[in-house]
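Quick caveat: nothing in here was measured; it's all calculated off a predicted structure. In listed order, ligands and their atoms are each counted from 1.
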Amino acid sequence: MCGIFGLITNQNVNIGKVALDGISRLEYRGYDSCGIVSQSNGKLEIKKDSGKIREIQEKLHLEKLTGKIALAHTRWATHGPPNKINSHPHTDCTGDIAVIHNGIIENFMELKKDLVSKGHEFKSETDTEIIPHLIEDNIKAGMNFRDAVIQTLKRCRGAYGIATCYAKNPEYIIIGRKESPIIVGIEEGKTSYCASDIPALLPYTKNCYIMGDDELAILKPGEVEFYDISNSVKLIEKQPQLIKWDVDAAEKGGYEHFMLKEIFEEPKAMKKTLKIAPKNLKKFATLLNSAENVYITAAGTSFYASLAGKFIISRFLGKYIQAIECSEFQTQLNNSLEDDAVIIAVSQSGETVDTIEAIRWAKENHSNIKILSITNIVGSSITRYSDHTLITQAGPEIGVAATKTYCTQVLTLALIGLEIAKMRKQIPDQDIDKYYKALKETPNVIEEFLNKNVENIKRIVDNLEKNANYFFLARGISIATAKEGGLKLKEVACRFIEGYSAAHAKHGPISLVREGFPIIFIAPPDETYERLIGNVMEFKARGGQIISLVVSDDETIAELSDITIKIPQPATKYYNLFSPLTFIPALQLLAYYAAIKNGLDPDKPLNLAKTVTVH
Ligand code: F6R
């Protein structure tokens, strides 16, 4: 949450424009206000306001800022509403020190009281503003800029990724990290950059230094020094990581929105993910196979991917996997987590604070616990707390609503399931081959569906949008699809949609159904199909408008439905197990076109940000 971008250069560049491009590439991290500070001739100049970056740019002409240093920020409000005063950068009393920050300083009230008693004047309601004032105090006490920042960070509890500059010090900028991500990219001898996420650095370099907790970096033009500040201050060596993403992957490439582009990228992302090295899958399979107790934890879309994945893995593992939302993990398992459990943590960003906290708590309190993580981001925080990590190959996902990363997560979990099946030899080899064949075909099924169904989905959206609420109902593994489809519609189209168990819906929710109330049934022809027919009938009998998602040669549920969406896949048990992959694009497209119809920006849903780094 919140995007940070900064640079220091000795080149003649349009620094305002570079800073503006940098935060524009991070706007998915927060978009309620933004600001840039530039430094030249011993002075800071700040332009900031509330609103989306484009609106602020049109009003304030951010690209006109000049100098050799700039720090830029795009905000997702935590402390204080999204207005001009609360937007970053924040400064000290002298106006010489500027700070941009992502995270929350938990002890800011106590620090603020102390600073106010010393005469500091605060302008904003943010927690961030205490940082420049603390630095100011330390400089007044005789410290140099670097030490003043270090001593400041040592007093701050909570999470931060910060960047700071000081008008009287044109030689370097400083960045620091604890829990909130920040990375560094260098154009040797020329320019040094920092950013909270990879897409902002892609136009400049593919070699990124990933900062760890309690690390600080001094950025000079084209060079960087890293320090460990956890105890005494120690200079440390860090190696850059090669990022394999293309800069084009973080551009819209002719699509109107990233969300649509990323849905259409699903087949390609899945084909790349299918190439995850078998030796890495084997590490997961071996640990899961020997574990007595297995848990899977995640948030949001990653949690629904986990629900689908645990269903597939449990099938082959012969053991039930407990899925627990990451924010509930510690509370629910406080007295019962087994010392030798294996936990799978799934997170696109690898930075979701509740997911990180769940595994960190488990690891700190249970010495033999093994953590297996699945993430899309190399070097992200989750990888540091994990015994083994698999990286999904979705490439950058810029749309705030997760789409292609969901598919690559489910696919990765399915690959782990099949690796376990091979290892356990409980089902015939020919069957395992058929499951593999079906899984490898899923990207083609999706491709065919996407190529042929856009107009169909738009028509359905036109029909549906007359109604305010509806249900997505399913049984078995498809409950995960119903929940994820419902989440997509809620977040991007702002409609209240409930993804629910079709069987359970008659224990209450069915009372909402009136003549014409739309219910979307997710109905692959698996072992739940016959019972689902019964559920369709129950809702039909009460006047519900039945929309069904079925395979191409479905006849029964299709016949009972008012509207049918057909997924071009064979009706075999091998494909059915992977239907969370092949059925989800229909619901993602539905959400996308519903957002467009409602005049909403599907890339920037209200009140959301892509990476949730607060509890
Ligand atoms: C929904 C969405 C969120 C994320 C959730 C977890 O479209 O994107 O629900 O899935 O915030 O994020 P990660 O996967 O980064 O841990």
Side-chain angles (χ1 to χ4, degrees), residues 1-2 26 28-30 76 179-181 196-199 257-260 262-263 266 269 296-309 323-329 343-360 371 373-383 385-386 389-392 394 396-410 412-413 480-481 483-495 497 499 584-585 587-592 594-595 600-615:
M1 285 176 156
C2 296
L26 297 176
Y28 57 85
R29 295 184 63 93
W76 186 87
E179 291 183 22
S180 298
S196 22
D197 225 340
I198 294 165
H257 295 98
F258 279 110
M259 182 176 175
L260 189 61
E262 288 159 2
I263 294 171
E266 282 168 357
I296 189 162
T297 192
T301 289
S302 296
F303 184 69
Y304 297 142
S306 303
L307 289 185
I324 302 189
E325 284 165 22
C326 54
S327 48
E328 285 295 310
F329 199 82
I343 302 169
I344 309 173
V346 183
S347 171
Q348 178 280 128
S349 62
E351 301 292 348
T352 297
V353 73
D354 285 336
T355 311
I356 307 282
E357 192 169 89
I359 56 174
R360 208 166 55 187
I371 309 288
S373 64
I374 296 174
T375 181
N376 195 39
I377 309 292
V378 175
S380 55
S381 297
I382 206 168
T383 61
Y385 299 108
S386 306
T389 299
L390 290 173
I391 305 287
T392 54
E397 188 176 69
I398 310 291
V400 166
T403 51
K404 61 176 175 172
T405 55
Y406 170 85
C407 292
T408 56
Q409 288 169 343
V410 176
T412 305
L413 289 161
T481 314
K483 287 192 179 292
E484 173 55 11
L487 175 63
K488 286 291 92 84
L489 259 135
K490 269 188 202 113
E491 62 183 331
V492 304
C494 276
R495 309 309 297 249
I497 284 90
I584 200 65
L587 303 183
Q588 294 168 336
L589 276 186
L590 207 71
Y592 173 79
L600 298 165
D601 179 351
D603 284 345
K604 298 188 189 76
L606 214 62
N607 301 328
L608 292 181
K610 191 152 183 76
T611 309
V612 182
T613 51
V614 293
H615 293 288

Residue, atom and distance of the protein heavy atom nearest atom 6 (C) of ligand 1 read A299 O, 3.3 Å

Output the distance between atom CD1 (I382) and atom CD (Q348), rounded to the nearest 0.5 Å. 11.0 Å

Using a heavy-atom cut-off of under 4.0 Å, does the side chain or the backbone of K488 touch ligand 1, or both, or neither? side chain

Minimum distance, heavy atoms only, to atom 8 (O) of ligand 1: which one of G399, A402, S306 is it? A402

Nearest to atom 7 (O) of ligand 1, what protein heavy atom do you find, and at what distance? E491 OE2, 2.5 Å

Would you mind finding which of V612, I377, T355 brings a heavy atom closest to atom 11 (O) of ligand 1? V612

Which distance, rounded to the nearest 0.5 Å, do you find between the CG of L260 and the CG of D603? 9.5 Å

Distance col, row Y304:OH vs L487:CG, nearest 0.5 angstrom, shows 5.5 Å

Heavy atoms, side chains only, cut-off 4.5 Å: are I296 and L413 in contact? yes

Would you mind reporting whether T301 and K488 have side-chain heavy atoms less than 4.5 Å apart? yes

List the closest protein heavy-atom neighbour of atom 12 (O) of ligand 1: residue, atom name, distance to the nearest 0.1 Å. T352 OG1, 3.3 Å

Hey, does K610 have a side-chain heavy atom less than 4.5 Å from the side chain of E397? yes

Taking the basic N atoms (NZ, or NE/NH1/NH2) and the acidic carboxylate oxygens, is any pair closer than 4.0 Å for E179 and R360? yes

Shortest protein contact, atom 14 (O) of ligand 1 (heavy atom only): S302 OG, 2.5 Å

Nearest protein heavy atom to atom 2 (C) of ligand 1, by residue and atom, and its distance? T301 OG1, 3.7 Å

For ligand 1, which part of V400 has a heavy atom less than 4.0 Å away: the side chain, the backbone, both, or neither? backbone

Starting from atom 15 (O) of ligand 1, which protein heavy atom do you reach first, and at what distance in Å? S349 OG, 2.6 Å

Identify, by atom number and element, the atoms of ligand 1 in contact range of G300, meaning under 4.0 Å from any of its heavy atoms. 9 (O), 10 (O)

For the residue pair S302 and S347, confirm or rule out a side-chain donor-acceptor distance under 3.5 Å. no

